A.B. asks: 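Just passing along the structure, written as structure tokens.
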Amino acid sequence: MSRQARPRVGDSLLARTLIIGAAVSIAALLIGGPLAVIFSEAFRAGFGPYLENLATPDTRHAILLTVATALVAVPVNTAFGIAAAWAIAKFEFRGKGLLTALIELPFSVSPIVAGVAYLFVYGAQGWLGPWLLDHGIKVMFAYPAIVLASLFVTAPFVAREILPLMQAQGSAEEEAALTLGASGWRTLWSVTLPNIRWALLYGVVLTNARVMGEFGAVSVVSGNIRGVTNTLPLQIELLYHDYNSAGAFAAATVLAAIALLTIVAKIIVERNEPARAG
Amino acid sequence: MPASFARRTVLALSLLGLTTAPAWADGPDTILNVSYDIGRELYGAINKQFSADQKAKDGRDVTVNQSHAGTSKQARAVLEGLEADVVTFNQELDVQLLADKGALVSPDWKSKFPNNASPYYSLPAFVVRSGNPKNVKNWDDLVRDDVKVVFPNPKTSGNARYTYLAAYAFALKQNGGDEAKADAFVKKLLSNVPVFDTGGRGSTTTFVERGIGDVLVTFEAETAAVKKEYGADKVDVVVPPLSLLAEFPVAVVDKVVDRRGSRALATEYLNYLYSPKGQEIIASFNNRVQDPKIMEANKDRFPNVELLTVDEVFGGWKKASETHFASGGKLDQVFVGR
């Protein structure tokens, strides 16, 4: 009955070399190369000029604005993600499928559509725009619009990370906690959150990276006012089109550094989360 | 561990409460100029000088913020609530839009400042690769099979609308006013464009940084800036013998300045563009001005060109817009057919 062990494609030395070689060279060309260019261009004139480029008031403001956006968007979407995943994983209710689909929506919608949609709601010609204008509330082309657009594009990240875990864990532990007399809040803080903490952290890291890097949706609603409503990605484009490549690359290193930190954080999270496969 | 996790989260949330409202509200000493894409450097320089002069005059610290993109995108943003105290565009259609659609600008905006509210003018001209290897001299070279042309999307960019209309006007003149031939001419021209960016500066980077195309068509002011930035060993400027007058209209956005109380400063700013100092800065960025003295001093920058106008060739911007740029207009037809 012993079947002859046939060498599979992946077992041949040649095939293995070719596949690994292709993967490595594609990664180098598509990712490694551009990343190297960003840092080498940014530091071409030396470390001093690099810092000067980062310290120009407009770029500094763009960094601050980006951080200020993340400071709101990340916690709000973390809370939203936990609430949504909690509702979907632990309860049965009508419209659950719809809620799940709705959370996924920003993944499939182009960010620019999100930006335009916000304009149609909050813009001066939109539904709420005139009322907001009459009451002196500035939403579009200001900080609130940037936060709103960022919230939209990053809404799914936390929920998507923790939902499968919550569903796998079921609600047995929560039920036990409630039976033992713990309040709902106590159960959330002491049972649910600790169980999902690594997945949650990973979701938060992803959300943050995306908020700081978002271009399309923010571009529509920011108004591109120099030194006022330009986030870091917009500032990079602006500097590039100002013929200021050195400044653009210097600003780009900040985003690249955030991306690298995200990868490091992802590795740490995965080490601590044996249940996560890949 | 769970307890400290909770505490840290609460701490983060309360910190958040303190940071939700950064104070980026503008004082009355700040106005916003919403402008066309390639006016970046020009208005950067003007704003700096304007602030310095205001400070010297009455000790006031004035800031003019700037926003630049394709003018139709900008007009749209102002309509949707971007708080522009003044607009400085590159053709009147987008200013007129603000008057027609949102009543943001008064209908007689053209009479509020001298020279139809246009402090300077320019014309579409060409940037070619160094040494002009394709020997591009005039508009009919742009429709040759071996020439690739770069300019922005006429739907979003005033700059590109001038290019389109200049080419059309040229073809009309060549063919004794034969519209069918002019239609075919711009159709061929558009089919020679590999990339349409949304604004003028996007097209410049497409041409120079990405190395796409044989000719960049953009305002003469931009062609000179490109040559200065990239050097004669990379690009040359060709000013065609015939082109179209491009005016740069300015307007105070009444609805915004009345709400913000910034009318005086906004008006002063636009008047500054007409002042000798303003005109000199404008000319130094290779825009043509009315002041004969300044033009004489800069005459080597500005070769003689026969300039047609939108009024005489197309019967005004309104008509040109209806015929060519409105939905279903000639531009749509040639775009679809290209």
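Proteins get letters first, then strands, A, B, ... in listed order; numbering begins at 1 in each. All values derive from a computational prediction rather than experimental measurement. In what follows, every heavy atom counts, from backbone to side chain, and hydrogens, waters and symmetry copies are set aside.
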A.B. asks: Given side-chain contact (heavy atoms from CB on, under 4.5 Å), test Leu119(A) with Arg76(B) step by step and report yes or no.
C.D. replies: CA-CA 10 Å; Leu119(A) 266 190; Arg76(B) 179 90 219 196; 5.6 Å; no

A.B. asks: When only heavy atoms count and the cut-off is under 4.5 Å, which of residues 150-162 of chain B reach chain A?
C.D. replies: none

A.B. asks: Hey, does the side chain of Arg201(B) reach the backbone of His241(A) with a donor-acceptor pair shorter than 3.5 angstrom?
C.D. replies: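 The answer is yes, because a donor-acceptor pair under 3.5 Å joins these two groups.
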
A.B. asks: Less than 4.5 Å to any heavy atom of chain A: does that hold for the side chain of Leu82(B), its backbone, both, or neither?
C.D. replies: both

A.B. asks: Test Gln125(A) against Lys101(B) for side-chain contact (heavy atoms from CB on, under 4.5 Å), laying out the working first.
C.D. replies: CA-CA 10 Å; Gln125(A) 314 285 315; Lys101(B) 281 234 171 120; 5.5 Å; no

A.B. asks: Can you tell me which of Gln66(B), Arg259(B), Gln74(B) forms the most heavy-atom pairs within a distance under 4.5 Å of chain A?
C.D. replies: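 Counting heavy-atom pairs under 4.5 Å, the top option is Gln66(B).
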
A.B. asks: Any chance CZ of Phe157(A) has more than 12 other-residue heavy atoms, nucleotides or ligands included, within less than 6.0 Å?
C.D. replies: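 Yes, because the 6.0 Å sphere around CZ of Phe157(A) holds more than 12 heavy atoms from other groups.
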
A.B. asks: Of the listed residues (Val220(A), Asn230(A), Ile225(A)), which shares the most heavy-atom pairs with chain B below a 4.5 Å separation?
C.D. replies: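 Sorted descending by pairs with chain B, the first entry is Ile225(A).
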
A.B. asks: Between Arg40(B) and Asp242(A), does the side-chain contact (heavy atoms from CB on, under 4.5 Å) criterion hold? Intermediate values first, please.
C.D. replies: CA-CA 8 Å; Arg40(B) 302 157 177 244; Asp242(A) 277 356; 2.8 Å; yes

A.B. asks: For the atom pair OG1 (Thr205(B)) and CD (Glu237(A)), what is the distance rounded to the nearest 0.5 Å?
C.D. replies: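 Reported value, rounded in 0.5 Å steps: 8.0 Å.
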
A.B. asks: To check you understand the geometry: which heavy-atom pair defines the closest contact between Gly81(B) and Ala124(A), and what is its length?
C.D. replies: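 Smallest interatomic distance, heavy atoms only, reads N-CB, 3.6 Å.
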
A.B. asks: Measuring only between side-chain heavy atoms, which start at C-beta, is Glu41(B) closer than 4.5 Å to Tyr243(A)?
C.D. replies: yes

A.B. asks: Give, as side chain, backbone, both or neither, the part of Tyr240(A) having an atom under 4.5 angstrom from any heavy atom of chain B.
C.D. replies: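 Interface part for Tyr240(A): both.
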
A.B. asks: Counting only heavy atoms closer than 4.5 Å, note whether Leu188(A) contacts chain B via side chain, backbone, both or neither.
C.D. replies: neither

A.B. asks: Looking at Ile38(B), Leu79(B), Thr204(B), which one has more heavy-atom pairs under 4.5 Å with chain A than the rest?
C.D. replies: Leu79(B)

A.B. asks: For atom CD of Glu173(A), is the number of surrounding heavy atoms from other residues, nucleotides or ligands below 6.0 Å larger than 12?
C.D. replies: no

A.B. asks: Around atom CZ of Arg129(B), are there more than 12 heavy atoms from other residues, nucleotides or ligands closer than 6.0 Å?
C.D. replies: yes

A.B. asks: Step by step, would you call Met140(A) with Glu80(B) a side-chain contact (heavy atoms from CB on, under 4.5 Å)?
C.D. replies: CA-CA 8 Å; Met140(A) 283 293 109; Glu80(B) 294 290 358; 6.0 Å; no

A.B. asks: Given that the side chain runs from C-beta out, which part of Ser245(A) has a heavy atom under 4.5 Å from chain B: side chain, backbone, both or neither?
C.D. replies: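 Side chain only.
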
